[in-house]
Amino acid sequence: MIEARHLTVGYSSRSRNNPVLCDVSLTVPQGAVCAVIGPSGCGKSTLLKVIAGLIHPDQGSVLLDGSPVNPKKRKIGFMPQNYGLLPWKTVRENILLGCRMKGEITAATRREAERLCQCLGLEGLERRYPRELSGGQQQRVALARSFLLRPDVLLMDEPFSALDAITREEMQDVFLTLWKQRGTTTILVTHYVEEALYLGQTIVRMSADPGTVAEVIPNPLAGRTEMRMSQEFFARGRELRERIRAGGCHE
Ligand code: ADP
Ligand code: MG
């Protein structure tokens, strides 16, 4: 379980009176997917970095299963906005990277990496370099790396936003398949209303200046492929879009 409590964060160049995040709290139960949505610049990436333990909050705390977040002790799968692949390493090396940093490469890890490559349609690409892959393929490599690590929590920052609409929808299904197998507690930042509705069992809507949690929306449509083209899905999407707009900024 992830609990962020009363987080207030400012970058040093900004004054203490003008924080990026102000009193942000959220809870993600064990095994759930929480989608965080909000206008550009509202502090979504900052929030994710604080939860990952990469930025220390000025106030507040982050607890993983009741203990303060400690990236050295817990496995945190962090997928940054640009995939975070190392250009000078092959696909296989990139996938193994997270485990290598934890000193956890065994024969079983390599077998699991192969299985993930099959599952993600990356077979035959293992010796290529990231520049030799399409955006969708790079995204799959980043997903394989995150899931290979078997993280306690997975934090994904706009993971599918660089992809075209069709590939993005495919990748959402790939993510759901892996998530259903593993039940990884996940926070997914997105600026796509439909992505939040399809993947997030709860949707945390943020507003900007300063970044705050405007509302926490339970979402019964999450993971329901058969509902994706339904009237209800579109109606909820329209409503959420309007609320984001009314929250003061563009989507
Ligand atoms: P989002 O991911 O929602 O678009 P960010 O968390 O990236 O928002 O940024 C929130 C605010 O913090 C923005 O105003 C941005 O300009 C500012 N910001 C982000 N990173 C830094 C940084 N390293 N130093 C100073 N300000 C930053
Ligand atoms: Mg961002």
Side-chain angles (χ1 to χ4, degrees), residues 33 44-55 64 69-192 195 199:
V33 181
K44 303 182 293 299
S45 295
T46 303
L47 175 61
L48 221 53
K49 285 177 197 158
V50 173
I51 293 172
L54 301 172
I55 295 178
L64 292 187
V69 58
N70 181 344
K72 287 191 183 130
K73 291 198 178 146
R74 306 302 300 269
K75 284 195 213 165
I76 297 168
F78 181 67
M79 273 174 65
Q81 229 165 328
N82 57 3
Y83 312 139
L85 300 183
L86 299 182
W88 60 90
K89 291 203 179 275
T90 62
V91 164
R92 177 180 287 121
E93 288 161 356
N94 265 294
I95 291 174
L96 291 170
L97 191 72
C99 288
R100 197 178 291 289
M101 282 161 65
K102 291 275 177 190
E104 287 182 2
I105 304 263
T106 61
T109 322
R110 289 182 187 278
R111 274 198 304 276
E112 175 69 0
E114 268 173 42
R115 204 189 65 78
L116 276 167
C117 279
Q118 276 171 11
C119 170
L120 288 165
L122 290 168
E123 282 167 304
L125 303 178
E126 293 93 335
R127 288 165 192 270
R128 289 207 194 168
Y129 289 87
R131 66 174 177 276
E132 299 169 326
L133 303 177
S134 71
Q137 289 166 337
Q138 291 184 33
Q139 186 59 63
R140 285 162 196 258
V141 175
L143 265 184
R145 172 157 84 196
S146 295
F147 276 97
L148 184 66
L149 191 60
R150 293 193 175 262
D152 299 304
V153 296
L154 180 56
L155 307 173
M156 306 204 293
D157 196 353
E158 307 215 11
F160 312 129
S161 54
L163 309 177
D164 63 84
I166 303 288
T167 315
R168 188 184 321 132
E169 289 183 7
E170 278 172 20
M171 287 307 301
Q172 290 165 356
D173 285 325
V174 167
F175 165 75
L176 272 182
T177 304
L178 288 170
W179 173 78
K180 281 178 187 158
Q181 289 169 8
R182 301 283 179 83
T184 311
T185 311
T186 302
I187 298 181
L188 175 132
V189 165
T190 180
H191 64 261
Y192 290 105
E195 187 161 285
L199 300 181

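Remark: of the listed residues Lys73, Arg74, Lys102, Arg74 is the sole one forming a salt bridge (Lys or Arg N to Asp or Glu O under 4.0 Å) with Asp152.
Between Pro151 and Gly77, the shortest heavy-atom distance links the atoms CB-N, 3.4 Å. Scanning both residues, Ser45 and Gln81, for their nearest heavy atoms gives OG-OE1, 3.3 Å. The two residues Arg131 and Pro87 have their closest heavy-atom pair at NH1-O, 4.1 Å. Closest approach of Leu120 and Arg140 over heavy atoms only: O-NH1, 2.7 Å. Across all non-hydrogen atoms, the minimal contact from Gly136 to Met171 is O-SD, 4.2 Å. Taking both residues in full, the closest heavy atoms of Ala52 and Phe78 are given as CB-CD1, 4.0 Å, listed atom of the first, atom of the second, then distance.
Contact of the Leu154 side chain with the Phe147 side chain is registered, since non-hydrogen atoms from C-beta on lie closer than 4.5 Å. In this structure, the side chains of Leu149 and Met101 stay at 4.5 Å or more apart for every pair of heavy atoms. Using a 4.5 Å cut-off on side-chain heavy atoms (C-beta onward), Ile95 and Leu122 make contact. Side-chain contact between Ile76 and Leu64 is present, with at least one heavy-atom pair separated by less than 4.5 Å. At a threshold of 4.5 Å between non-hydrogen side-chain atoms, the residues Met79 and Leu143 count as touching. Side-chain contact between Asn94 and Pro130 is present, with heavy atoms from C-beta onward closer than 4.5 Å. Looking only at side-chain heavy atoms (C-beta outward), Glu104 and Lys75 come within less than 4.5 Å of each other. Inter-residue side-chain proximity for Leu176 and Val33 is flagged as unmet; no heavy-atom pair is nearer than 4.5 Å.
Thr177 is linked by a side-chain contact (heavy atoms from CB on, under 4.5 Å) to Gln181, counting only residues two or more places apart in sequence or in another chain. Scored by the side-chain hydrogen bond (donor to acceptor under 3.5 Å, both in side chains) test, Asp164 finds Thr167 as partners (sequence neighbours excluded).
In terms of modelled atom types and a separation under 3.5 Å, the side chain of Thr184 and the main chain of Thr186 share no donor-acceptor contact. A donor-acceptor pair under 3.5 Å is formed between the side chain of Glu132 and the backbone N or O of Tyr129. Looking only at distances, no side-chain donor or acceptor of Arg92 sits under 3.5 Å from a matching main-chain atom of Glu126. Using a distance-only test at 3.5 Å, with no hydrogens or angles considered, no donor-acceptor pair links the side chain of Arg168 to the main chain of Glu195.
For the atom pair CG of Leu178 and CG of Leu148, the computed distance is 11.0 Å after rounding to the nearest 0.5 Å. For the atom pair CZ (Arg145) and CG (Leu85), the distance works out to 5.5 Å, reported to the nearest 0.5 Å. Rounded to the nearest 0.5 angstrom, Glu114 CD and Arg110 CZ are separated by 9.5 Å. Rounded to the nearest 0.5 Å, atoms CD1 (Ile51) and CD1 (Ile187) are 3.5 Å apart. Residue Thr109 holds its OG1 atom at 10.0 Å from CZ of Arg150, rounded to the nearest 0.5 Å. Atoms CZ and CZ, on Phe160 and Phe175 in that order, are 6.5 Å from each other to the nearest 0.5 Å.
In this structure, Glu112 pairs ionically with Arg115, as a charged nitrogen and a carboxylate oxygen lie closer than 4.0 Å.
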